[in-house]
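Below is one structure, written out as structure tokens; the observations come after it.
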Amino acid sequence: MTEWADYQPAALVRALVEGGVDFVIIGGVAVVLQAMPRFTKDLDICYSTASPNLEALGNVLVRLKARLRGIAEEVPFVPDARTLTQTQILCLTTPTGDIDLLVNPDGAPAYDTLRRRADIMELGGQGVRIASIEDMLAMKRAAGRPQDLIDIEALEAAQSITRRARKTRL
């Protein structure tokens with residue numbers, strides 16, 4: 001596991017963007033950008049499973065020296081496109097932080113819809129897709145863990161503020 005001091009989500013995002021990966025940020029980082037500051041220890045992404053994107057993502061993960069998280073000993077593992085075609089969820093660690101890859105997160109729409117509805121925000125100098133508040137709410141409700149319930153409250157408050165701001169502009 002990567003140490004907290006080594007966690008650099010902006011570096012992970014930069015590597016993905018520079019590698020030409022088609023992805024949407026979900027999870028804790030998305031909550032931070034959409035609603036409120038909170039502790040998060042990894043970068044969660046949902047990504048396109050089109051072959052060229054799997055190649056791009058695999059290349060980035062190999063360059064990042066990604067390895068399986070939570071495995072005490074070194075095991076043969078290559079996070080390339082071939083591996084990615086066989087997984088739905090993959091939890092990895094890199095020298096710049098942990099990253100979770102999810103193909104079909106519970107509560108999320110199909111990737112193309114998630115991507116289309118995502119908001120473009122800046123993270124580490126990069127414009128990236130962040131899951132919309134509505135899609136984040138659906139994923140958090142589907143997960144239902146204690147932290148998700150807290151996130152739901154913050155996301156609903158952010159959603160309410162956004163709606164009020166839109167009404168005042170009209």
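Only heavy atoms go into these numbers, but all of them, side chains included; no hydrogens, no water, no symmetry mates.
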Sequence neighbours excluded, which residues qualify as side chain to side chain donor-acceptor pair (under 3.5 Å) partners of R117? D135
Rounded to the nearest 0.5 Å, how far does CD1 of I150 lie from CZ of R38? 8.5 Å
Tell me whether V29 shares a hydrophobic cluster with L114, the cluster being built from Ile, Leu, Val, Met, Phe, Trp, Tyr side chains joined at under 4.5 Å. no
Of all heavy-atom pairs linking I26 and P105, the shortest is CD1-CG, 3.7 Å
Spatial distance of atom SG (C46) from atom CG (N104) [nearest 0.5 Å]: 6.5 Å
For the OG atom of S132 and the CZ atom of R115, what is their distance to the nearest 0.5 Å? 14.0 Å
Is it true that atom CD of Q147 has more than 12 heavy atoms of other residues, nucleotides or ligands lying nearer than 6.0 Å? yes
Could you tell me whether a side-chain N or O of N59 sits under 3.5 Å from a main-chain N or O of E55, the two making a donor and an acceptor? yes
Check whether E122 reaches the backbone of V128 with its side chain - one donor and one acceptor, N or O, closer than 3.5 Å. no
Could you pull out the closest heavy-atom pair between T40 and G28, with the gap in Å? OG1-CA, 3.8 Å
Looking at D148 and R145, does any basic side-chain N land under 4.0 Å from a carboxylate oxygen? yes
Checking T87 side chain against L90 main chain: does a donor-acceptor pair fall under 3.5 Å? no
Taking every non-hydrogen atom, the tightest pair across A118 and R129: CB-CB, 3.8 Å
With distance as the sole test, does D106 use its side chain to make a donor-acceptor pair with the main-chain N or O of A142 at under 3.5 Å? no
Joint hydrophobic cluster, L43 plus M36, side-chain heavy atoms closer than 4.5 Å: no
Reported CG-to-CG distance for the pair D22 and L54, which is rounded to 0.5 angstrom: 10.5 Å
Working to the nearest 0.5 Å, report the span between CG of L64 and CD1 of I99. 7.5 Å
Taken in chain and number order and not counting sequence neighbours, the residues that satisfy side chain to side chain contact (heavy atoms under 4.5 Å, CB included) with A157 are none
Residues G107 and A138: closest non-hydrogen pair is O-CB, 3.3 Å
Measuring from atom CZ of R14 to atom OG1 of T96, what distance do you get when rounded to the nearest 0.5 angstrom? 9.0 Å
Checking one residue: V62. Which other hydrophobic residues are in its cluster under the side-chain 4.5 Å linking rule? V78
Would a hydrophobic clustering, with Ile, Leu, Val, Met, Phe, Trp and Tyr connected at side-chain separations under 4.5 Å, put V13 with V24? no
Any side-chain heavy atom of L137 within less than 4.5 Å of one from K140? no
State plainly whether one hydrophobic cluster holds both M139 and M121, where clusters connect Ile, Leu, Val, Met, Phe, Trp and Tyr through side-chain heavy atoms under 4.5 angstrom apart. no
Hey, any chance L102 and L33 share a hydrophobic cluster, counting ILVMFWY side chains that come within less than 4.5 Å of each other, even indirectly? no
Specify the closest pair of heavy atoms between A35 and L155, including all atoms of both residues, with the distance to one decimal. CB-CD2, 3.9 Å
What are the two closest non-hydrogen atoms of L92 and A66, and how far apart are they? CD1-CB, 3.9 Å
Does CZ belonging to R63 count more than 12 external heavy atoms closer than 6.0 Å? yes
Hey, is the main chain of F23 close enough, under 3.5 Å, to the side chain of Y111 for a donor-acceptor pair? yes
Do K41 and D98 meet the salt-bridge criterion of a basic N to acidic O distance under 4.0 Å? no
